[in-house]
Student: 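Have a look at this one.
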Amino acid sequence: MSIARDIRPRQDDAAFLATSPSASFNSPSSHSSVLNRTIPLNAKPLKPFATEDIKVLLLENVNQTGREILSQQGYQVEFLKSSLSEDQLIEKIRDVHVIGIRSKTKLTARVLKEAKNLIVIGCFCIGTNQVDLQYAADQGIAVFNSPFSNSRSVAELVIGEMVMLARQLGDRSNEMHAGTWNKVSNGCWEIRGKTIGIIGYGHIGAQLSVLAEAMGMSVIYYDVLNIMSLGTARQVKTLDDLLAEADFITCHVPEIPETKGMIGQKQFEKMKKGSYLINASRGTVVDIPALIDAMRSGKVAGAALDVYPNEPAGNGDYFNNDLNTFSADLRSLKNLIITPHIGGSTEEAQKAIGVEVAQALVRYANEGSTLGAVNLPEVVLRSLTMDEPDHARVIYIHKNIPGVLRKVNEIIGDHNVDKQMTDSRGDVAYLMADISNVDAATIKDLYTRLESLPSRIMTRVLY
Ligand SMILES: NC(=O)c1ccc[n+]([C@@H]2O[C@H](COP(=O)([O-])OP(=O)(O)OC[C@H]3O[C@@H](n4cnc5c(N)ncnc54)[C@H](O)[C@@H]3O)[C@@H](O)[C@H]2O)c1
Ligand SMILES: O=C(O)CC[C@@H](O)C(=O)O
């Protein structure tokens, strides 16, 4: 084996654990086919120096499947059930190399600035709006998520909620719990024959489309992209077209500036009287005080909310006006289902997410692969094999400015570069090269020279 292991960097030497950010997510087929192609049976396990020095912080009750994968690597894994406040996070994140979060933990620029050793962030969920992706990329910190492992769970929840709202099930159940028999059919409907309007026809919206059609519903959808319809679904041109036609309106868009408050007073005015609203996307997408008004006036006959502008840090916390000023008004409404951000909270989804994201973190930490990252270019190299003992993998994350490759190749070009790949995304570029016949002194020298280049964001050497 390579003698390079003898030059273990200090535990706080984040550069050796260099990170990569990468690009947008892939379809499952492209993902797995690339991986299958690049992992031969005799693949040499690359390690970012001493794995037992890698500190992992997992917040928000990340699934056991993910925890196990990371622990099995020998990493030091600390696991917390809830999220942390910004100040607590700043204290904790300082010596952490890998952090795993879900939707609640805010990794702002202020927090990431303190994360001097951090190489990679795993969002054990779909949404990545809780992370300052650009700031992370600028620091060479890769971010991974799980693009579709909980999509089906959300789609099924929405189907259930449509039936519940149409039949006022929440109210009937609450009344029975309070000891009151109230057998009514007024204002109760089948969903068969009704129109569902899906805002955002991505992974969740498309799943929902198929399920809703099977329930006998007509499906229309609005999306900023021109997307192929599934079954007999029909894309409408504008949000207003959807609002005017749908009986059930359901939001499945990401939290981005364009979707903030996209359902507010004006949109409620354009809906049909007696329509229903469901939001299981992000809490900022619907203006909740405007929804409260629309429900009080009878314009909206029922609603289901799973997400809120401010959400508690963990289970057992209060959902009250200290958190969101409208909480008490919201809780007083009839035919309103409010759930604690559980759209993706099923055993199936959480297990799958745990595996998917933890594996991406390990691949990144140990091999430098950015495949599936959401904020950096995607770079993956065929694995080194056990037949290639004296190889090292050099990763150089750098500013995407002219002349860098020439400088880098002046440094690594003195050696035998077996393979090399580079790609850029915006202002950041990611270079990965496998170099043969290198000893500890050479690795140290390469590392030091790359680190001294003005274009450097982060350097890592894996061996
Ligand atoms: N409640 C939960 O537990 C839960 C679980 C999973 C995902 N989510 C949320 O749901 C969101 C959607 O998930 P997904 O997997 O379907 O995402 P996706 O990226 O597959 O699909 C989102 C769709 O929204 C469209 N879109 C973007 N901006 C739009 C706009 N302004 N108007 C109309 N359409 C727009 C996109 O083009 C895309 O087709 C996630 O971003 C996440 O925030 C919530
Ligand atoms: O599990 C979570 O915290 C988030 C679930 C969901 O909103 C997601 O973005 O996947």
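Both ligands and their constituent atoms are indexed starting at 1 by order of listing. The figures here come from the full heavy-atom set of this structure, side chains too, leaving out hydrogens, waters and symmetry mates. Numbers for residues simply follow the sequence, beginning at 1.
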Student: Counting heavy atoms only, name the option from Q350, H341, E255 that's nearest to atom 6 (C) of ligand 2.
Tutor: H341

Student: Report yes or no: does a heavy atom of I227 sit under 4.0 Å from some atom of ligand 1?
Tutor: yes

Student: Measure the distance from atom 8 (C) of ligand 2 to every protein heavy atom, then report the residue, atom name and distance (to 0.1 Å) of the closest one.
Tutor: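 Residue, atom and distance for the closest contact: I126 N, 3.3 Å.
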
Student: Report, in ascending order of atom number, the atoms of ligand 1 lying under 4.0 Å from any heavy atom of M262.
Tutor: 32 (N)

Student: Taking only heavy atoms of Y222, which atoms of ligand 1 are found under 4.0 Å from at least one of them?
Tutor: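 Result: 32 (N), 33 (C).
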
Student: With heavy atoms under 4.0 Å as the rule, classify the contact between I126 and ligand 1 as side chain, backbone, both or neither.
Tutor: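 Just the side chain.
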
Student: Charged N to carboxylate O under 4.0 angstrom, K183 versus E175?
Tutor: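 Salt bridge absent between K183 and E175.
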
Student: Give the atoms of ligand 1, by number and element, whose distance to some non-hydrogen atom of H252 is under 4.0 Å.
Tutor: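 Heavy-atom distances to H252 below 4.0 Å select 12 (C), 22 (C), 23 (C), 24 (O).
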
Student: Using a strict 4.0 Å cut-off to heavy atoms of R282, name the atoms of ligand 1 that fall inside it.
Tutor: 8 (N), 9 (C), 42 (C), 43 (O), 44 (C)

Student: Does an N or O from R282, backbone or side chain, lie closer than 3.5 Å to an N or O of ligand 2?
Tutor: yes

Student: Is the contact between L239 and ligand 1 made by the side chain, the backbone, both, or neither, using heavy atoms and a 4.0 Å cut-off?
Tutor: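 None of L239 does.
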
Student: Does E78 reach the side chain of V56, with side-chain heavy atoms less than 4.5 Å apart?
Tutor: no

Student: Going by the order shown, which atoms of ligand 1 are within less than 4.0 Å of some heavy atom of V154?
Tutor: 4 (C), 5 (C), 6 (C)

Student: Which one holds for V307 and ligand 2: side chain close, backbone close, both close, or neither close, with close meaning a heavy atom under 4.0 Å?
Tutor: neither

Student: Given the ring of F124, does R102 sit roughly above its face, with NZ or CZ under 6.0 Å from the centre of the six-membered ring and within 45° of the axis?
Tutor: no

Student: Between K299 and D293, is the closest basic N to carboxylate O distance under 4.0 Å?
Tutor: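 Result for this pair is no, no salt bridge flagged.
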
